[in-house]
S.K.: 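I have a structure here, written as structure tokens, and I will follow up with some questions on it.
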Amino acid sequence: MNVDYYNYYGNLRLAYALRMQQKFDVAVKITQKMLAIYPIDVHFLTEFALGKIGLGETDEAMAVFQHPRSRPRKRDGKKLSAAINKYV
């Protein structure tokens, strides 16, 4: 992103599009960049985990949600669990 390197929705959509194209390594790098700013953001945590699953790093993906700081709010937990379980 040239105009706004840290644009929230631009980076989220880019990470999603790259993951859909199976470019998991690039998608994970984008989500890591954004997680440095938004460390407990459910959307970026989900994209990160799904990217790691795509790379075959399932244990690392699941570890993201084991850490207390990265746990999503209760209302987001069901959506997140459903999304992760679909790929595991």
Side-chain angles (χ1 to χ4, degrees):
M1 309 228 29
N2 292 334
V3 177
D4 185 0
Y5 187 69
Y6 290 103
N7 182 285
Y8 180 89
Y9 289 108
N11 281 292
L12 184 60
R13 290 177 179 155
L14 180 58
Y16 172 80
L18 289 167
R19 184 171 54 83
M20 290 293 105
Q21 295 174 16
Q22 297 184 352
K23 297 178 181 177
F24 301 114
D25 54 338
V26 182
V28 167
K29 287 179 186 175
I30 291 169
T31 56
Q32 286 176 322
K33 171 185 76 171
M34 296 305 288
L35 284 169
I37 301 168
Y38 305 104
I40 59 171
D41 184 78
V42 173
H43 300 104
F44 281 111
L45 284 170
T46 302
E47 281 300 322
F48 177 79
L50 294 174
K52 285 293 189 178
I53 290 169
L55 290 171
E57 301 173 11
T58 309
D59 292 338
E60 191 173 341
M62 291 299 142
V64 170
F65 300 107
Q66 301 299 321
H67 194 278
R69 278 191 348 205
S70 64
R71 288 205 180 121
R73 295 174 299 206
K74 223 175 205 179
R75 69 176 187 207
D76 295 328
K78 288 182 182 176
K79 281 195 295 186
L80 185 58
S81 293
I84 296 299
N85 289 333
K86 192 165 58 170
Y87 291 94
V88 176

S.K.: Taking salt bridge (charged side-chain N to carboxylate O under 4.0 Å, His left out) as the cut-off, I'd like each qualifying pair that reaches into residues 8-18, sequence neighbours left out, listed once.
M.R.: none
S.K.: Which heavy atom of Ile53 sits nearest a heavy atom of Ala61, and at what distance?
M.R.: CG1-CB, 3.7 Å
S.K.: Might you point out which heavy atoms bring Leu35 and Asp41 nearest each other, and give the distance in Å?
M.R.: CD2-O, 4.3 Å
S.K.: Kindly state each residue pair satisfying ring-ring contact (aromatic ring centres under 6.0 Å, His included) with at least one member in residues 17-40, sequence neighbours excluded.
M.R.: Tyr8-Tyr38
S.K.: Is the backbone of Met34 close enough, under 3.5 Å, to the side chain of Asn11 for a donor and an acceptor to pair up by distance?
M.R.: no
S.K.: If every non-hydrogen atom of Ala15 is compared with every non-hydrogen atom of Thr31, which pair is closest and at what distance?
M.R.: CB-CG2, 3.8 Å
S.K.: Does NZ or CZ of Lys33 lie under 6.0 Å from the centre of the six-membered ring of Phe44, at an angle within 45° of the ring axis?
M.R.: no
S.K.: Applying salt bridge (charged side-chain N to carboxylate O under 4.0 Å, His left out) as the test, list every pair that has at least one member in residues 42-56; sequence neighbours left out.
M.R.: Arg19-Glu47, Lys52-Glu57, Lys52-Glu60
S.K.: At what distance, to the nearest 0.5 angstrom, does NZ of Lys23 lie from CG of Leu14?
M.R.: 10.0 Å
